[in-house]
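Report on the structure given below.
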Amino acid sequence: MFDRLIGELDAALPDPYLSTDHLVGTVATLHRFESAVSARKHAYVSELFSRFEDIAALNDEYSSIDPWDALEAELGPALVITPYHASSLISLGVTLSRRLPNVWDAFSRGELDIARVQKIADATAGVSDEHIKEIERRVLKAGLDGKAPLSGGRLRNAINRAIAAVDPDGMKRRREQKKQDRHVWIGNGSDGMAELSGSLAAEDAMFLTNRLGEMAKRVCTDDPRPFQARRADALMALVHGRADLDCQCQNPDCAFKAGIAGTPRRPLVHAFGTTATLNGTSNEPGWIDGFGVIDADHLRELARDAIIRDLKTPTGKEDNYRPSKSLADWVRALHGTCQFPGCDRPAWESDLDHRDPHATSKNTSVFNLGPFCRKHHRGKTFGGWRLVQTLTLISPLGFEYPIPATGPLALLEPDPPAPKRQTRMQGRAKRTAADRTLNKRDREAQWGRDDDPPPF
């Protein structure tokens with residue numbers, strides 16, 4: 001079967017004279033096909049695990065062997081993968097078949113790839129069985145929007161928004177449990193380097209990354225280090241108790257030598273929420289720029305020591321090229337991240353781009369501004385990408401990619417009222433039946449039941 005399938009794929013290899021846009025479409029089709037195959041692989045693994053469970057339950061010889069360990073041992077050498085990866089394969093397969101069958105359906109149709117499926121499974125792992133079906137429904141509705149399907153941080157925020165709406169108490173409880181698991185891990189790397197990872201509270205992590213970014217930017221343009229290397233050096237400078245970073249430009253008169261440049265400004269962590277959430281009359285979730293959705297209690301905890309400002313609705317267009325702070329804040333809150341599909345660069349770390357150039361439009365407004373990270377800003381300005389009125393990006397090859405509304409202003413809107421579960425006539429009939437039942441009980445209490453044996 002494998003050889004036949006590969007032969008058919010090889011026979012369909014693109015002609016070198018086919019157009020570039022055709023090749024992009026072919027790659028997209030193969031990506032969907034790859035997802036559909038992966039979905040079936042995970043379904044087979046789930047079925048295998050069920051059979052290993054049955055064998056352990058029925059056969060005393062295997063009762064002392066954990067079915068998970070048994071299947072992991074079987075799959076590892078068969079697939080030439082490590083025990084860790086075999087265990088991960090079993091975990092996702094079982095999760096999809098037993099907790100997220102509708103996600104598996106979308107996976108099997110190629111509408112979700114393995115990365116998005118894994119993200120959904122990981123983010124909902126702590127959700128109780130009581131809530132998982134409704135959360136799965138909401139996630140698929142948001143994540144598979146035919147106009148603008150979500151990935152990366154946008155998908156994660158849609159998942160967290162669904163969890164916050166359906167199970168806010170559980171979201172808070174799991175955050176408190178996870179907070180006890182925060183850690184920093186350092187392990188061996190290669191070529192004389194080590195690896196660093198860890199887990200921090202969202203606001204602490206955003207403060208740290210912004211602080212390192214501020215320090216990394218406070219060098220002159222002749223510093224030879226890449227930006228990420230400067231961030232790593234900034235972390236070590238903080239460990240050594242220093243507030244700034246040495247510029248390595250070799251210029252003795254550089255104004256950005258450590259101890260000369262002065263104290264860098266304190267990095268900001270932008271958080272958003274409704275007034276009702278802050279005063280405790282609502283439990284709608286909040287948002288941390290660069291992280292995403294947080295539960296209501298988390299937002300209220302942050303607000304205790306925060307500077308709180310109202311986000312003001314813009315009243316019209318401005319004449320200046322550079323937008324006012326209130327307009328810039330609104331535009332960034334509207335989008336949340338760089339507008340380019342799949343890019344999770346926070347809006348406050350992105351440029352504000354004029355859709356129609358200001359030189360010709362003289363239009364600085366909500367409808368003509370949007371955040372683009374520096375790389376994608378260059379792509380739009382010089383690379384042939386176009387952003388049209390409908391908030392759709394058009395690639396140089398002509399492919400259209402709608403921009404989803406995924407910023408805090410869109411995600412933090414309260415859920416609409418639930419639709420009526422019954423018509424007015426159905427409600428009246430239900431109340432009438434309840435009244436009749438109550439009247440019957442009253443009669444029975446006074447005179448006895450109609451089917452009571454005599455004497456009454």
So, the side chain of [X] versus the backbone of [Y]: is there a donor-acceptor pair under 3.5 Å, distance only?
| X | Y | result |
| --- | --- | --- |
| N157 | G153 | yes |
| T281 | T277 | no |
| E136 | N102 | yes |
| S108 | D105 | yes |
| R154 | C343 | yes |
| R211 | L238 | no |
| T82 | H85 | yes |
| D351 | D353 | no |
| S87 | P83 | no |
| R40 | A36 | yes |

So with a 6.0 Å cut-off around [atom1] of [X], is the heavy-atom count from everything else above 12?
| X | atom1 | answer |
| --- | --- | --- |
| R355 | CZ | yes |
| Y44 | OH | no |
| K133 | NZ | yes |
| R322 | CZ | no |
| R98 | CZ | yes |

Salt-bridge criterion met for [X] and [Y] (N-O under 4.0 Å):
| X | Y | value |
| --- | --- | --- |
| R175 | D297 | no |
| R116 | D113 | yes |
| E214 | R218 | no |
| E176 | K179 | no |
| D167 | R174 | yes |
| E284 | R161 | yes |

Below 4.5 Å, heavy atoms only, C-beta onward: do [X] and [Y] meet side chain to side chain?
| X | Y | answer |
| --- | --- | --- |
| Y401 | S395 | yes |
| P323 | V331 | no |
| M171 | H298 | no |
| I403 | L387 | yes |
| L302 | V269 | no |
| I114 | F107 | yes |
| N160 | P285 | no |
| K41 | L89 | yes |

**Message:** I need the single residue from T364, V366, L334 that forms a side chain to side chain contact (heavy atoms under 4.5 Å, CB included) with P314. Which is it?
**Reply:**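 Of all the options given, the one that passes is V366.
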I'd like a table of donor-acceptor pairs (distance under 3.5 Å, sequence neighbours excluded) in which one partner is a side-chain atom from residues 226-236, with atom names and distances.
| unit_1 | atom_1 | unit_2 | atom_2 | d |
| --- | --- | --- | --- | --- |
| Q228 | OE1 | R231 | NE | 3.4 |
| R230 | NE | A216 | O | 2.6 |
| R230 | NH1 | R225 | O | 2.9 |
| R230 | NH2 | A216 | O | 3.4 |
| R231 | NH1 | T209 | O | 3.0 |
| R231 | NH1 | T209 | OG1 | 3.4 |
| R231 | NH2 | T209 | OG1 | 3.0 |
| D233 | OD2 | R225 | NH1 | 2.8 |

Contact summary for [X] and [Y], nearest pair of heavy atoms:
| X | Y | answer |
| --- | --- | --- |
| A123 | I163 | O-CD1, 3.6 Å |
| S324 | E318 | OG-OE2, 2.6 Å |
| R332 | S350 | NH2-O, 3.0 Å |
| Q339 | L391 | OE1-CD2, 4.2 Å |

**Request:** Could you tell me how the ring of F272 sits relative to the ring of W348: parallel (under 30°), tilted (30 to 60°) or perpendicular (over 60°)?
**Result:**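 Tilted: the ring planes of F272 and W348 meet at 30° to 60°.
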**Request:** Start with the C-alpha distance between R309 and D329, add both sets of side-chain angles, then the distance that settles salt bridge (charged side-chain N to carboxylate O under 4.0 Å, His left out), and finish with yes or no.
**Result:** CA-CA 11 Å; R309 293 190 294 109; D329 284 346; 3.2 Å; yes
**Residue pair S97 / W104, side-chain donor-acceptor N/O under 3.5 Å** =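 Distance-only check fails for S97 and W104.
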**Item:** Pairs involving residues 181-197, ordered by first then second residue, that meet side chain to side chain donor-acceptor pair (under 3.5 Å) (sequence neighbours left out)
**Value:**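 Output for this query is empty, none listed.
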